[in-house]
Each structure stands twice: as C-alpha cells, then as structure tokens.
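Every value quoted in this text rests on a predicted model; they were computed, and no experiment measured them.
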Amino acid sequence: ITFVDINLLKKTRHELSAAELRLNSALEAGNMAWWEIVLPAGNITFNQNKTRMLGYQMHDFSRFSDFMEIVHPGDYENTMNAFQEHLLGKRDKYDVVYRIRNKKGGYQWFRDIGKIVLKSHDKTVVAGISTEITQMKRTELQLRDAKQKAETANIYKNQFLANMSHEIRTPMNGLVGFSSLLRKDD
C-alpha cells in the first residue's frame, strides 16, 4: 500500500484557481478576452468576456466560423486575410481591427492579436487576445472629424484674410496716391 500526500496537489489547485480568478478579473476590467483556435477543425475555446461584451452566451459559439459569421461585411475580408497571412508565415502575428455584430444588432469594434502557439503535422493552435475598442474608435473618428473641420476652417480663414487684404489695399493705394499729390502741392 502506497500513501500519497495530496496537500501539495490541493495547494497547487488552489493557487491555480486564484491565479485564474485574478486573470479573468483583469481581462474583464480591460474589456479583454482570451481565445484559442484549433485548426483545421476550427474549434474555438475562449473565456466568457467576449460573448458577455457582445450580449451572447458562450454556447452560441463553438467554432471560429461562428464568430466570423457576425463580423461586419466590410471587415470580413481583411480579418480573414490577416489570419491567413499569419498562418502562412507572412506575418509574425495575427493583428486585426474589425467590427462584430452584437446581440442587439449594432456593431462593436475589437482588436485581436494572436499567434501560432503549436504547429504539428496534423494541427495548428492559434491563441490570442481580443480587446473591445469601440470607445477608442469613436474618439478616433471624432478627432479625425474635428481635424477635418479645423483644416477646412483654416482654409476659409486664409481665403478671408487674402480677400480682406486685397479689399483694404485697393482703397489704400488711392489714399496713398492722393496724399502724395497733396504733398507735391506744398
């Protein structure tokens, strides 16, 4: 009969559980989620943050294609190309910004960054992180719009000043000419 002290195993499990809780809390605070895709099957494993942010349930997604079905049509090709280029070794990581439809029908912006973590003859595993960046994209668009308006206002200001300069110079030329005639008379 052999006895095994399981206290170390219990302690390790407790520490692992505590670390997982801290990680998930940090991911949630940062509007982030981790994911892992096993290819060629396309099976996906992820934490619940992404589905929670989108208003879905975890059971709504089991395959990579489930997520890709709700990617904005204008972002689909770029998202797939970025993934393929990483798989083919043309990029050192998968890094893409895209919109994805939430449960309410609107779109939210995400940035995914991932890379191949395992490659064998029969499977490839890609792991990464998703960050919800909708507010950042809104701010970016507002800044771009404000910059465009400022540039347009600057063009109008320059045109106004050029016109005003001309309008002021024309009568001033007459006054200067007339005052020089008056001086000659003296």
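- Closest non-hydrogen pair, Phe46 versus Thr51, comes out as CE1-CG2, 3.5 Å.
- Closest heavy-atom contact between Thr131 and Gly30: CG2-O, 4.1 Å.
- In terms of heavy atoms, Asn49 sits closest to Glu28 at ND2-N, 3.3 Å.
- No donor-acceptor distance shorter than 3.5 angstrom exists from the side chain of Glu20 to the backbone of Arg22, with no hydrogens or angles considered.
- By the 30° and 60° cut-offs, the orientation of the rings of Tyr56 relative to Phe61 is perpendicular.
- In the hydrophobic clustering of ILVMFWY residues, with side-chain heavy atoms under 4.5 Å counting as a link, Ile44 and Met80 come out together.
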For this session: For side chain to side chain contact (heavy atoms under 4.5 Å, CB included), just list the numbers for His86 and Lys115, CA-CA rounded to whole Å, side-chain angles, deciding distance to a tenth of an Å, and then say yes or no.
Result: CA-CA 7 Å; His86 174 61; Lys115 69 180 207 170; 3.8 Å; yes
For this session: Tell me, with the steps shown, if Asn31 and Thr134 meet side chain to side chain contact (heavy atoms under 4.5 Å, CB included).
Result: CA-CA 10 Å; Asn31 286 333; Thr134 302; over 6 Å; no
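- The CZ atom of Arg101 sits 12.5 Å away from the CZ atom of Arg99 when rounded to the nearest 0.5 Å.
- Using modelled atom types, one side-chain atom of Asp60 and one backbone atom of Gln57 make a donor-acceptor pair closer than 3.5 Å.
- Met58 is connected to Trp35 through a chain of hydrophobic side-chain contacts under 4.5 Å among Ile, Leu, Val, Met, Phe, Trp and Tyr, so both are in one cluster.
- Thr124 contributes atom OG1, which lies 6.0 Å from atom CD1 of Ile116 (distance to the nearest 0.5 angstrom).
- Around CD of Glu140, the count of heavy atoms belonging to other residues, nucleotides or ligands within 6.0 Å exceeds 12.
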Problem set entry | Intermediate values then yes/no, side chain to side chain contact (heavy atoms under 4.5 Å, CB included), Phe64 and Leu39 | CA-CA 9 Å; Phe64 178 61; Leu39 301 170; 5.6 Å; no
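- The closest donor-acceptor contact from the side chain of Asp66 to the backbone of Ser62 lies under 3.5 Å.
- In this structure, Met53 is not a member of the same hydrophobic cluster as Trp34, with clusters built from ILVMFWY side-chain heavy atoms closer than 4.5 Å.
- Contact record, Thr79 with Val71: OG1-CG1, 4.2 Å, taken as the closest heavy-atom pair.
- In terms of modelled atom types and a separation under 3.5 Å, the side chain of Arg63 and the main chain of Ala41 share a donor-acceptor contact.
- The hydrophobic clustering, which links ILVMFWY residues whose side-chain heavy atoms are closer than 4.5 Å, places Phe83 and Ile129 apart.
- How far CG of Asp75 is from CD1 of Ile100: 10.0 Å, rounded to the nearest 0.5 Å.
- Between Leu143 and Lys147 the shortest side-chain heavy-atom distance does not fall below 4.5 Å.
- Other residues sharing a hydrophobic cluster with Trp109 under the 4.5 Å side-chain heavy-atom criterion for ILVMFWY residues are Val97, Ile133, Met136.
- Shown here for Gln108 and Leu54, the closest heavy-atom pair between the two residues is OE1-CD2, 3.6 Å.
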Exercise. Run the salt bridge (charged side-chain N to carboxylate O under 4.0 Å, His left out) check on Arg91 and Asp95 step by step: do they pass?
Worked result: CA-CA 9 Å; Arg91 293 184 183 194; Asp95 188 345; over 6 Å; no
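- Note that the CD1 atom of Ile70 and the OG atom of Ser65 stand 11.0 Å from one another [nearest 0.5 Å].
- Remark: the Asn78 side chain and the Tyr98 side chain contain no N/O donor-acceptor pair separated by less than 3.5 Å.
- With hydrogens and angles left out, the side-chain atoms of Ser17 and Glu15 include no donor and acceptor closer than 3.5 Å.
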For this session: Give the C-alpha distance, both sets of side-chain angles, the deciding distance and a yes or no for side chain to side chain contact (heavy atoms under 4.5 Å, CB included) between Asp145 and Leu141.
Result: CA-CA 6 Å; Asp145 185 47; Leu141 292 172; over 6 Å; no
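- Residue-environment remark: CZ (Arg13) stays at or below the threshold of 12 foreign heavy atoms within 6.0 Å.
- Counting all heavy atoms, side chain and backbone alike, Ala33 lies closest to Lys50 at CB-N, 3.5 Å.
- For the 3.5 Å distance criterion, the side chains of Lys10 and Asn7 fail to qualify, holding no donor opposite an acceptor.
- Using a 4.5 Å cut-off between side-chain heavy atoms of Ile, Leu, Val, Met, Phe, Trp and Tyr, with links allowed through other members, Tyr76 and Phe110 fall into the same hydrophobic cluster.
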